Amino acid sequence: MYEFLKYNLEAGVATITLNRPDVYNALNNEITFELQAALKECKKNDEVRVVVLTGEGKAFCSGQDLKAASKEPNRSFSESIHTRYNPIIQAIRNLPKPVICRLNGVAAGAGCSFALACDLVVAAESAKLIEVFVNIGLVLDSGSSYFLPRLVGSSKAFELATMGSRVSGKEAEALGLVNKCVADDQLDDAVKAYTDYYAKAPTKAIGMMKKMLNKSQGASLTEMLEYEAHMQDIAGASHDYKEGVNAFLEKRKPEFLGK
């Protein structure tokens, strides 16, 4: 189905693996369009309850494939961003299901942006986040200028962006760039702890909360109070709300369907 991705769906968990390990999962045209397609599949498939994004081999994603880009010397940066990268960031942020980054190695440039766009990031100790754009005279893209200051504050974001600093997994955890950092051999278990939970959680409510938190970035308290009331009406009409209440009254564990 995909040439440069691996896609696997098992027990409600869709795992998307960037699969160009020989070039540290660098992003050529084909892989970016395949990633867009895989994320669309995750959105429309009700069997998908949680998504894991990761990389094959030693790296998560080293960003734009500069060798491939050099073959298109007259390419438009803006067009490439609008057609290849921005749709991926929008798809991750607007997917009404949790997206977990399994940060198995270096995430540089747009690869760093992909990681920051995810809802949760679980990093291996050997992983590194690098806003590498400055090293070739470019600026942040793929959402890094949005996510970075919100996660670490404006002054630290300026430092990381303008110096292209390498941030280790442990440093990233301390800064709040990742949710959890674990030893390399514990990465899969740490990710599984999250996917086991989200695969059986009330997916509809979680997707709505994700939408609410996204909206809150640019909304006032008054606007969010109104939006909460609106969304609670929708959640209150869901199957999972009825199941949650019945399970509570019957003193049993709820069996959420994500609907």
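Note that the coordinates shown come from a computational prediction; the quantities given were computed from them, not determined experimentally. In what follows, every heavy atom counts, from backbone to side chain, and hydrogens, waters and symmetry copies are set aside. In what follows, residues are counted from 1 in the order of the sequence shown.
The cationic atom of R20 (NZ for Lys, CZ for Arg) does not lie both less than 6.0 Å from the six-membered ring centre of Y24 and within 45° of the ring axis. In this structure, K215 forms a cation-pi arrangement with Y227, its terminal cationic atom sitting closer than 6.0 Å to the ring centre and no more than 45° off the ring axis.
Electrostatic pairing of K180 and E173 does not count as a salt bridge here, judged by no charged N lying under 4.0 Å from a carboxylate O. D240 has no carboxylate O lying under 4.0 Å from a charged side-chain N of K259, or vice versa, which leaves the two without a salt bridge.
In terms of heavy atoms, N25 sits closest to E56 at ND2-O, 3.0 Å.
Here the side chain of N104 pairs a donor or acceptor atom with the backbone of G57 at under 3.5 angstrom.
A side-chain contact (heavy atoms from CB on, under 4.5 Å) with E131 is found for exactly one of T162, V139, V167, L140, namely L140.
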Check: side chain to side chain contact (heavy atoms under 4.5 Å, CB included) between Y198 and R49: does it pass, once the steps are laid out?
Finding: CA-CA 7 Å; Y198 284 113; R49 306 283 289 278; over 6 Å; no

**OP:** Let me see the working for E243 and R252 under salt bridge (Lys or Arg N to Asp or Glu O under 4.0 Å), right down to the final yes or no.
**Re:** CA-CA 10 Å; E243 167 61 13; R252 60 175 175 82; 2.7 Å; yes

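Judged by distance alone, the side chains of Q64 and Y85 do bring a donor and an acceptor atom under 3.5 Å apart. In this model, no donor atom of one side chain and acceptor atom of the other lie less than 3.5 Å apart for N45 and E47. Using modelled atom types, one finds no donor on one side chain facing an acceptor on the other under 3.5 Å when comparing N8 with T15.
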